[in-house]
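To start, the structure under review is shown below, and the notes come after it.
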Amino acid sequence: MADSSDSISIDMETISLGAKEYLVKTRCGMVSVAVFGDQDKPALVTYPDLALNHISCFQGLFFSPEVNSFLLHNFCIYHISPPGHEVGAAPIGSDDLMPSVDDLADQVLEVLNFFGLGAVMCMGVTAGAYVLTLFAMKYRQRVLGLILVSPLCRAPSWTEWLLNKVMSNLLYFYGMCGVVKELLLKRYFSQLLDERQSINVQQFLEAMNGRRDLSEGLRKLHCRSLIFVGENSPFHSEALHMTSKLDRRYSALVEVQACGSIVTEEQPHAMLIPLEYFLMGFGLYRSTLSVSRRSPLSPTCISPELLSPESMGLKLKPIKTRIS
C-alpha cells in the first residue's frame, strides 16, 4: 500500500467524484496520480497525451454513464499525469532532470510499486499510449492488457521531429502562444490548453521527440491489446502500422468514423462495446451481463467475440472495425 511519508494527498475540488490525488515521489521527480474508486479492485492505469491530463483527456469517457459504471464496477482507476501536467501544476524547475521516454515508463513502475499494485490494465492516448506500450515491453509481468487510443510506436518522422522542435522553441521563448495552440489543436481538440505550464509541456514534447522505434519488439508483446483510432486522426497510419506489428492472436483495431485522435473525448460511446468484449476475456464484466467468470490474471484467455468482425460490425455501426 501507499507510504504516506512519500506522498501528499489532496482533495480534488474540480470534477472530484470521490477522487483523491497523490503526489508520488519518483527518481525523476514528483508524479501526480488521481485515484478513483475502490482500491481493493483491479487497477486500470491511464496516461494522457501531450499537454493534457486526466480531466482534459479522459473526462468524456469516464463521464459517459454506461462506460463509467462499467469501468468503475470492475476497476479502481489510477490516472497518472505526465510530470507537471496535473491541475494547478507549477513550472518545472530548470535544475530538474528532463526525463526521457524510458524515465517516464520507469515512473509508471514506481507509481505501481508505491500503491502496491501487481499486474494492471493500461489505457493511454497517443504520447501516453507510447509510454504505456514501452512500459509493457520493459515490464511485461506488470501488464494484463493494453487499451491504446491513436497510439505511436515508431520514432518521429523528420516532419514530426521538425514540427515538434518548432513547438518546443515556441514554448520555451513565448509560452503557450496562439501558434502552439493551433498546432496542438490539429493534433486533438481541447479547451484546457491555457492551464498547462509551457515549460512542462516542452519537457514532455522533448521526451517524445527523442523516442525510439518499438516496432520490432511488438511481436513479442503477448498481452492482449485493443487499439482505437479516429479515421481523421493524424496518427491513423501509425495505428495501422502498430496493429500490423502486433501478434494478431492478441490484438484488434477499432476505427471510429468522423473522429480525430482523442476518441475518449470526441466519441467515448464508441468505445463501450469493444471495451466490454475486450474485458470479458479477463473475466471482467458488468453485473447485468450473464457471462462465466474467468481468471483476470490469464492474458491468453481471449474472448472470441473480440476477434469476430461479424459480431463487432453488427454492434458498432457506424463504427467500422478491422482485425489485425
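From a predicted model like this one, the values you see are computed outputs, not experimental measurements.
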Quick one: list whatever passes side-chain hydrogen bond (donor to acceptor under 3.5 Å, both in side chains) with Ser32, sequence neighbours left out.
Glu21
Please list, chain by chain and in numerical order, all residues satisfying side-chain hydrogen bond (donor to acceptor under 3.5 Å, both in side chains) with Asp103, sequence neighbours excluded.
Arg27, Ser100
Note: Pro274 and Leu226 closest approach over all heavy atoms is O-CD2, 3.7 Å
To the nearest 0.5 Å, how far apart are CD1 in Ile55 and CD in Glu265?
10.5 Å
Gap between atom CG of Leu71 and atom CZ of Phe36 - 0.5 Å precision:
12.0 Å
Go through the steps for Phe204 and Leu104 under the test side chain to side chain contact (heavy atoms under 4.5 Å, CB included), then give the verdict.
CA-CA 9 Å; Phe204 193 14; Leu104 297 175; 3.6 Å; yes
Filter on salt bridge (charged side-chain N to carboxylate O under 4.0 Å, His left out), then keep only pairs touching residues 120-140, sequence neighbours left out; what's left?
Asp102-Lys138, Asp106-Lys138
If every non-hydrogen atom of Asp49 is compared with every non-hydrogen atom of Ala127, which pair is closest and at what distance?
OD1-N, 3.1 Å
Note: Val256 and Ala270 closest approach over all heavy atoms is CG1-CB, 4.0 Å
Show, in sequence, the C-alpha distance, side-chain angles and deciding distance for Val125 and Cys57, and conclude whether the side chain to side chain contact (heavy atoms under 4.5 Å, CB included) test is met.
CA-CA 8 Å; Val125 177; Cys57 194; 3.7 Å; yes
To the nearest 0.5 Å, how far apart are CG in Leu246 and OG1 in Thr133?
8.0 Å
Taking C-beta and beyond as the side chain, do Ile80 and Val45 meet within less than 4.5 Å on heavy atoms?
yes
Under the criterion side chain to side chain contact (heavy atoms under 4.5 Å, CB included), I'd like the reasoning laid out for Phe75 against Leu279: C-alpha separation, chi angles, the key distance, then a yes or no.
CA-CA 11 Å; Phe75 294 105; Leu279 296 175; 3.7 Å; yes
Under a 3.5 Å distance rule, please check whether Glu266 uses its side chain to pair with a backbone N or O of Cys259 as donor and acceptor.
no
Determine yes or no for a side-chain-to-main-chain donor-acceptor pair under 3.5 angstrom, with Ser251 supplying the side chain and Asp247 the backbone.
yes
Gln267 side chain to Ala258 main-chain N or O, any donor-acceptor pair under 3.5 Å?
yes
Thr26 meets the side-chain hydrogen bond (donor to acceptor under 3.5 Å, both in side chains) criterion, sequence neighbours left out, with Gln107
Side-chain contact test, heavy atoms from C-beta onward, threshold under 4.5 Å: evaluate it for Leu214 versus Arg154 and give yes or no.
no
Got a sec, which residues hit ring pair (Phe, Tyr, Trp, His ring centres under 6.0 Å) with Tyr130, two or more places apart in sequence or on another chain?
none
Least distance between heavy atoms, Pro151 atom then Phe228 atom:
CD-O, 4.1 Å
Hey, does Thr264 have a side-chain heavy atom less than 4.5 Å from the side chain of Met271?
yes
Is a side-chain N or O of Ser56 found less than 3.5 angstrom from the main chain of Leu52, in a donor-acceptor match?
no
Can you find a pair of side-chain heavy atoms, one from Cys153 and one from Lys245, that are under 4.5 Å apart?
no
Would you please test Val254 and Phe278 for side chain to side chain contact (heavy atoms under 4.5 Å, CB included) and show each step?
CA-CA 12 Å; Val254 178; Phe278 181 71; over 6 Å; no
Any side-chain to backbone donor/acceptor pair from Lys41 onto His73? Under 3.5 Å, distance only.
yes
Working to the nearest 0.5 Å, report the span between OG1 of Thr126 and CD of Glu238.
10.0 Å
Residues that Thr46 engages under side-chain hydrogen bond (donor to acceptor under 3.5 Å, both in side chains), provided they are two or more places apart
His79
Between atom CE of Met123 and atom CZ of Phe62, what is the distance when rounded to the nearest 0.5 Å?
5.0 Å
What heavy-atom pair brings Val149 and Ala129 nearest, and what distance separates the two atoms?
O-CB, 4.3 Å
Compare all side-chain heavy atoms of Leu146 with those of Arg224 and state whether any distance is below 4.5 angstrom.
no
Can any side-chain N or O of Asn53 pair as donor or acceptor with the backbone N or O of Ser81 at less than 3.5 Å?
no
Examine distances only and state if a side-chain atom of Ser64 and a backbone atom of Leu61 form a donor-acceptor pair shorter than 3.5 Å.
no
Can you check whether Leu112 reaches Arg142 side chain to side chain, under 4.5 Å on heavy atoms?
yes
Would you tell me whether Glu255 and His236 have side-chain atoms, one donor and one acceptor, within less than 3.5 Å of each other?
yes
Close side-chain approach of Val31 and Glu86, heavy atoms under 4.5 Å
no
Do the side chain of Ser150 and the main chain of Ser261 share a donor and acceptor less than 3.5 angstrom apart?
yes
Any idea which heavy atoms bring Cys122 and Leu132 closest together, and the distance?
CB-CD1, 3.8 Å
Determine whether Arg211 and Leu152 make a side-chain contact, defined as any pair of heavy atoms from C-beta on separated by less than 4.5 Å.
yes
When rounded to the nearest 0.5 angstrom, what distance separates CG in Leu253 from CZ in Arg248?
13.5 Å
Under 6.0 Å between the ring centres of Phe115 and Tyr22?
yes
